[in-house]
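Because the structure is a prediction, the values reported are computed rather than measured. Just so we're on the same page: letters track the sequence lines, and every chain starts at 1.
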There are 2 protein chains.
Amino acid sequence: MNQALICPRFEKAMSIMSQRWTGLVIYQLLTGPKRFCTLESSMGISGRVLSERLKDLEQQGIVKREVYPETPVRIEYSLTDQGMALEPVLREIEKWSQEWLPAE
Amino acid sequence: MNQALICPRFEKAMSIMSQRWTGLVIYQLLTGPKRFCTLESSMGISGRVLSERLKDLEQQGIVKREVYPETPVRIEYSLTDQGMALEPVLREIEKWSQEWLPAE
DNA sequence: TTATGCTAGTTACTTTATGTAAGTAATTAT
DNA sequence: ATAATTACTTACATAAAGTAACTAGCATAA
């Protein structure tokens with residue numbers, strides 16, 4: 001009955017990364033700040049969920065939201081250092097997909 | 001309107017890894033073959049979903065299912081080479097969680 | 001021989017998460 | 001005054017996940 005316990009920090013990380021869309025949002029932000037509508041149209045995510053994810057990621061300290069009061073207003077989402085630190089994770093997924101998944 | 005397209009293989013990999021529980025199941029199998037009931041009780045996953053995930057992962061070629069007709073029957077799930085190749089992904093998530101998430 | 005237990009699931013039903021489409025608010029262009 | 005743009009939100013529908021009870025096959029216990 002003795003189970004090897006899973007480290008709570010790792011479990012937390014997995015719960016973040018295994019939410020639908022989260023990984024792709026971070027991946028898109030690796031190449032620089034992006035606006036809401038850019039993210040929305042570049043992946044197939046709905047505005048409802050994108051808005052939810054960005055709020056979560058901001059609260060978690062992974063994403064930063066910045067408002068530029070131009071006209072029309074420009075709001076940019078970018079990665080914090082904590083968010084940037086996820087790059088190796090995404091790169092490893094990228095590598096795996098190239099090696100093991102069929103093209104096309 | 002010109003969007004950088006996301007590589008379909010990467011998208012596929014993300015859709016696998018961002019399903020709830022998938023990462024944790026693979027993580028548990030990194031330490032060797034496990035039975036259904038062991039997986040079920042070591043993570044908080046429900047039998048219904050575990051059964052679904054294992055079937056998916058088997059079909060994807062990530063997990064292998066082996067039946068030992070003992071009594072009671074023993075069925076073991078383990079990682080294929082393709083599945084083992086995901087280890088670096090999980091290790092990077094582990095590293096990130098240790099560096100960036102608060103203990104406790 | 002009926003009952004109990006074990007493993008590996010499945011089934012029916014409930015709750016939660018996500019998708020869809022329309023709407024809002026602020027601002028500028030026509 | 002109307003339309004357009006950005007960044008959302010809201011109400012409602014569908015899909016995914018959780019819960020708890022159930023099944024099947026076999027073995028041991030009462």
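At whole-Å resolution of the value, CD in B:E66 and C1' in C:dA8 are 16 Å apart. If you measure from atom CE of A:M43 to atom C1' of C:dT18, you get 13 Å, rounded to the nearest angstrom. In this structure, A:K34 atom NZ and D:dA7 atom P are separated by 13 Å, rounded to whole Å.
Taking A:K34 as the reference, A:L29, A:T31, A:T38, A:L39 meet the side chain to side chain contact (heavy atoms under 4.5 Å, CB included) condition, with sequence neighbours excluded. Annotation: side-chain hydrogen bond (donor to acceptor under 3.5 Å, both in side chains) contacts of A:R65 (sequence neighbours excluded): A:Y77. For B:S97, the side chain to side chain contact (heavy atoms under 4.5 Å, CB included) partners are A:R9, A:F10, A:A13, B:L101, not counting sequence neighbours.
Across its full length, the helix from C:dT1-D:dA30 to C:dT30-D:dA1 shows an angle of 30° between the axes of its 5 terminal pairs at either end, rounded to 10 degrees.
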- Tell me, with the steps shown, if B:V67 and B:R74 meet side chain to side chain contact (heavy atoms under 4.5 Å, CB included). CA-CA 6 Å; B:V67 181; B:R74 179 164 55 103; over 6 Å; no
- Item | Test log, rule salt bridge (Lys or Arg N to Asp or Glu O under 4.0 Å), inputs B:R91 and B:E94 | CA-CA 5 Å; B:R91 294 298 167 215; B:E94 209 172 31; 2.9 Å; yes
- Reading 5' to 3' through nucleotides 8-21 of chain D, protein heavy-atom contacts under 4.0 Å coded B for base, S for sugar-phosphate only, - for none: SBBB-----BBB--
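With no hydrogens or angles considered, no side-chain donor-acceptor pair links B:E87 and B:Y27 at under 3.5 Å.
Here A:K55 does not pair with A:E58 in a salt bridge; the nearest charged N to carboxylate O distance is not below 4.0 Å.
Between B:R35 and C:dA8, a side-chain N or O to OP1/OP2 separation shorter than 4.0 Å is present.
Residue B:S51 holds its OG atom at 9.5 Å from CD1 of B:I45, rounded to the nearest 0.5 Å.
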Short N/O separations, protein against nucleotides 26-30 of chain C, under 3.5 angstrom:
{"residue": "C:dT27", "atom": "O3'", "partner": "A:T71", "partner atom": "OG1", "Å": "2.6"}

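Residue-environment remark: CD (B:Q59) stays at or below the threshold of 12 foreign heavy atoms within 6.0 Å.
Residue B:I16 is tested with B:K12, B:Q19, B:M14 for a side chain to side chain contact (heavy atoms under 4.5 Å, CB included); the sole match is B:K12.
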